[in-house]
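Below is one structure, written out as structure tokens, with a few remarks after it.
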Amino acid sequence: MVTPRKPGAAGVFVSCGNRLEVTMNEQAQPAGGDPLFNPLSPDFIRNPYPHYERLRAIDPIHVTPFGQFVASRHADVSLVMRDKRFGKDFVERSKRRYSEKIMDEPVFRSMSHWMLQSDPPDHTRLRGLVVKAFTARRVEDMRPRIQQIVDEAIDAVIDRGHMDLIEDFAFRLPVTIICDMLGIPEDHREVFYKSSRDGGRLLDPVPLTPEEIAKGNAGNMMAQMYFQQLFELRRKNPADDLTTQLVQAEEDGNKLTNEELTANIILLFGAGHETTVNLIGNGLLALHRNPDQLALLKARPELIVNAIEEFLRYDSSVQMTGRVTLEDIDDLGGKKIPKGETVLCLLGSANRDPAVYPDRPDRLDVTRPNVKPLSFGGGIHFCLGAQLARIEAEIAIATLLRRLPDLRIDDVENPEWRPTFVLRGLKSLPASW
């Protein structure tokens, strides 16, 4: 992909192909005979929400062909994310799904060190090392820098009269911000901007093929090679950035091993931009598919903060999170779940549950009161960068509406979605003005 001296790190959330088949599920089939939960089918990727509605109505705690329990109602999803009887148990869960040898695969070994996949006490220790970089004060202080990047992105294309809202706009902002935070030198960044965004398959609930795992390993090795060099640079030349902070924690002993350091930098880089790109892209598409809401937001820019919450609820850039039962569960939505089983929490479905949003949950409404989306997860794994993502999306979308008021998306009906389920986002979104 690149020479070792340049960052190939963006293969981090490497793609793992477009395998779209999922074993048919014989249980609780709706009349049409289609499986209730087939998350990599093209129809599901295009619009998962009718499928969620069926799940909530027919089988709210659904068992997949892979033996996972799927929770689709807001109450159940909320409970699983916050209840201490559920955890991550990543290593054992992966061995059950694949084989005892799965942890020999570099990409799985790396993921096993992610704070996102850890349980206390490791999770508490790892999160404690990075949480200071994401305090409300620090994130608020980034506003001028975020505004500058957004304006520069628009300046670069304004005379052309057209751009891809993903590639030219949504993607550049969060990648630049996370590069700033990690202290990735300016002259290394072009590769990050140009790198493929085939990511996300690693997180999907459908097992990976051997080819997909091999591709994951290759991307992970590229990332490790780059970040090891960045660590050396920061040991010699410390800076006011997150990488220096983590390198110093590693040198402290006890706090962080080298493997944990590398894995969590890879996680922060991926998580620091993937979801925000999708939040901006999905939000802009939703607005342009609902011209009344677009007009309202242009007329009343002060609605932008509430609008971001509604975009998060309406079409979340993260559709699912998973937990494992750490003990026998007597009753989750009417089902018994033995210890050691996986529970998939459908955030996108919970966000449209009429039990919580009785007023037309399938409608976009930027004035909707009391919007509290579950898109950033919950409990101890609540997204560290939630406030940063909100502010990035707020400044990006508000600035675009102000500076390019007559922008039109070329094809709002049939945009090209990425072939992943957990991370929901667009491959491209061409627009003109």
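Nothing here was measured: the structure is a model prediction, and the numbers come from that model.
A donor-acceptor pair under 3.5 Å links the side-chain atoms of Glu260 to the main chain of Thr257, judged by distance alone. Not a single donor-acceptor pair under 3.5 Å links the side chain of Gln117 to the backbone N or O of Lys88. A donor-acceptor pair under 3.5 Å links the side-chain atoms of Arg201 to the main chain of Val206, judged by distance alone.
Asp151 and Thr399 are not linked by any side-chain donor-acceptor pair at a separation below 3.5 angstrom, with hydrogens and angles left out of the test. Between the side chains of Asn220 and Ser110, at least one donor N or O sits under 3.5 Å from an acceptor N or O. Inspection of the Asp365 and Tyr314 side chains reveals no N or O donor paired with an N or O acceptor under 3.5 Å. Side chains of Ser94 and Arg96: a donor-acceptor N/O pair is absent below 3.5 angstrom, by distance only. Residues Ser375 and Ser316 have side chains that bring a donor and an acceptor to within less than 3.5 angstrom of each other. No donor-acceptor contact under 3.5 angstrom links the side chains of Thr420 and Arg424, judged on distance only. Side-chain contact annotation: His74 with Tyr357, donor-acceptor N/O pair under 3.5 Å absent.
Nearest heavy atom pair, residue Leu312 against residue Asn351, reads O-ND2, 3.5 Å. Nearest approach of Gly379 to Arg82, heavy atoms of both residues: N-CG, 3.8 Å. Closest of all the heavy-atom pairs between Arg368 and Asn306 is O-ND2, 3.0 Å. The two residues Leu296 and Leu303 come nearest to each other via the heavy atoms CG-CD1, 3.9 Å. Annotation for Cys345 and Val77: closest pair CB-CG1, 3.8 Å, computed over non-hydrogen atoms. Contact between Leu182 and Leu230 at its shortest, heavy atoms only, is O-CD2, 4.1 Å.
Between Asp43 and Arg46 a salt bridge is recorded (basic side-chain N to carboxylate O distance below 4.0 Å). Salt-bridge check for Arg172 with Glu190: passed, with a basic side-chain N closer than 4.0 Å to an acidic carboxylate O. The residues Glu274 and Arg418 are annotated as salt-bridged, a charged nitrogen and a carboxylate oxygen being separated by less than 4.0 angstrom. Under the 4.0 Å criterion applied to side-chain N and carboxylate O atoms, Asp155 and Arg403 are assigned as salt-bridge partners. With salt bridges taken as basic N to acidic carboxylate O contacts below 4.0 Å, none links Arg97 and Glu92. Under the 4.0 Å criterion applied to side-chain N and carboxylate O atoms, Arg73 and Asp76 are assigned as salt-bridge partners. A salt bridge links Asp362 with Arg352: at least one charged nitrogen is closer than 4.0 Å to a carboxylate oxygen. Between Arg189 and Asp180, at least one side-chain N (NZ, or NE/NH1/NH2) sits under 4.0 Å from a carboxylate O, which counts as a salt bridge.
Applying the 6.0 Å contact sphere to CG of Asn370 captures no more than 12 heavy atoms from other residues, nucleotides or ligands. Counting heavy atoms of neighbouring residues, nucleotides and ligands inside a 6.0 Å radius, atom NZ of Lys339 does not exceed 12 of them.
Test Glu309, Glu310, Glu140 against Arg390 for salt bridge (Lys or Arg N to Asp or Glu O under 4.0 Å) and you get one pass: Glu309.
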(request) Please step through side-chain contact (heavy atoms from CB on, under 4.5 Å) for the pair Leu268 and Leu246, ending with a clear verdict. (result) CA-CA 12 Å; Leu268 286 166; Leu246 291 173; 4.2 Å; yes
Can I get a per-line list of side-chain donor-acceptor pairs under 3.5 Å for residues 330-338, giving both atom names and the distance, sequence neighbours left out?
unit_1 : atom_1 : unit_2 : atom_2 : d
Asp331 : OD1    : Gly334 : N      : 2.7
Lys335 : NZ     : Asp59  : OD1    : 3.1
Lys335 : NZ     : Ile61  : O      : 2.3

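Judged as a ring pair (Phe, Tyr, Trp, His ring centres under 6.0 Å), the pairs with a partner in residues 376-399 (not counting sequence neighbours) are, in order, His123-His381.
Between Phe37 and Tyr52, the ring center distance fails the sub-6.0 Å criterion.
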